[in-house]
Amino acid sequence: MTDEIRRNMALFPIGIVMKLTDLTARQIRYYEQHELVIPARTGGNQRLYSFNDVERLLEIKDLIEKGVNIAGIKQVLLPVDKDSEDATILNEQTEVKRRELSDTQLHRILKQQLLGGGRRPNQVSLIQGELSRFFRK
DNA sequence: ATTCTTACA
DNA sequence: TGTAAGAA
């Protein structure tokens, strides 16, 4: 799949990503500290983001706006392991893979609930509370 | 001109 | 999160 390569290809610097996502450099870097996105680096240590990274940041932005904290987002968005990012998993059809699959399904459901629009502002505070309970330990 | 890291009102 | 400082 050549398309995956294209999506995970690091292309733009943080300045472009800022305009694309309407996020501040501070926020973008902050989310990186929490491993919500792992951009590539140039020889000069400059961050380079891929289309996938940008889309991910948009999802994060969406959740933040809905009042979800970093802890909650970490549960909703599947963790990005430095490897499976650019090299798609065409190997390891193993045990671990099966367990992660069920986790993935769970994440999707949760993601749908949060991402699925149309929610009352009043319910935002509830989302915070609910999530903290769901993900507590 | 841009971006990076670190630190703090 | 914003912003400043000093170095790439």
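Because the structure is predicted, anything quoted here is derived from the model rather than measured. Letters go in sequence order (proteins before strands), and every chain restarts at 1.
- The CD1 atom of A:Ile14 sits 12 Å away from the C1' atom of B:dT5 (whole-angstrom rounding).
- Between A:Asn45 and B:dT5 there is a side-chain polar atom (N or O) within less than 4.0 angstrom of OP1 or OP2.
- Between the CD1 atom of A:Ile28 and the P atom of B:dT3 there is a distance of 10 Å, given to the nearest Å.
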Candidate pair A:Glu32 and A:Arg47, rule salt bridge (charged side-chain N to carboxylate O under 4.0 Å, His left out), full reasoning:
CA-CA 10 Å; A:Glu32 178 183 349; A:Arg47 274 168 258 252; 2.6 Å; yes
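- Under the Watson-Crick and G-U wobble criteria, each requiring two contacts below 3.5 Å, nucleotide C:dT1 is left unpaired.
- Whole-Å rounding puts the A:Gln46 CD to C:dA7 P distance at 17 Å.
- One finds a side-chain N or O of A:Arg47 lying less than 4.0 angstrom from the OP1 or OP2 phosphate oxygen of B:dC4.
- Between A:Arg26 atom CZ and C:dG2 atom P the separation is 8 Å, expressed in whole Å.
- Across all strands shown, A:Ile64 has heavy atoms under 4.0 Å from sugar-phosphate atoms exclusively, and none from any base.
- To the nearest angstrom, P of C:dT3 lies 11 Å from CE of A:Met18.
- Across every non-hydrogen atom of A:Asn8 and A:Ser50, the tightest pair is C-CB, 3.5 Å.
- One can place OH of A:Tyr31 at 9 Å from C1' of C:dT1, the figure rounded to the nearest angstrom.
- Using a 4.0 Å cut-off, no side-chain N or O of A:Arg29 falls inside it from OP1 or OP2 of C:dT3.
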Intermediate values then yes/no, salt bridge (charged side-chain N to carboxylate O under 4.0 Å, His left out), A:Lys61 and A:Glu55:
CA-CA 10 Å; A:Lys61 181 194 175 193; A:Glu55 288 176 19; over 6 Å; no
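- When all heavy atoms of A:Leu48 and A:Asp53 are compared, the closest pair comes out as O-OD2, 4.2 Å.
- Between A:Gln27 and C:dT1 there is a side-chain polar atom (N or O) within less than 4.0 angstrom of OP1 or OP2.
- For the pair A:Tyr30 OH and B:dC4 C1', the computed distance is 19 Å after rounding to whole Å.
- Checked options A:Ile16, A:Ile28, A:Ile38, A:Leu11; the residue passing with A:Tyr49 is A:Ile28 (criterion: side-chain contact (heavy atoms from CB on, under 4.5 Å)).
- Residue A:Gly44 is classed as having no contact, given no heavy-atom separation below 4.0 Å to the nucleic acid.
- Look at CD on A:Gln33: it is 12 Å from C1' on C:dT1, rounded to the nearest Å.
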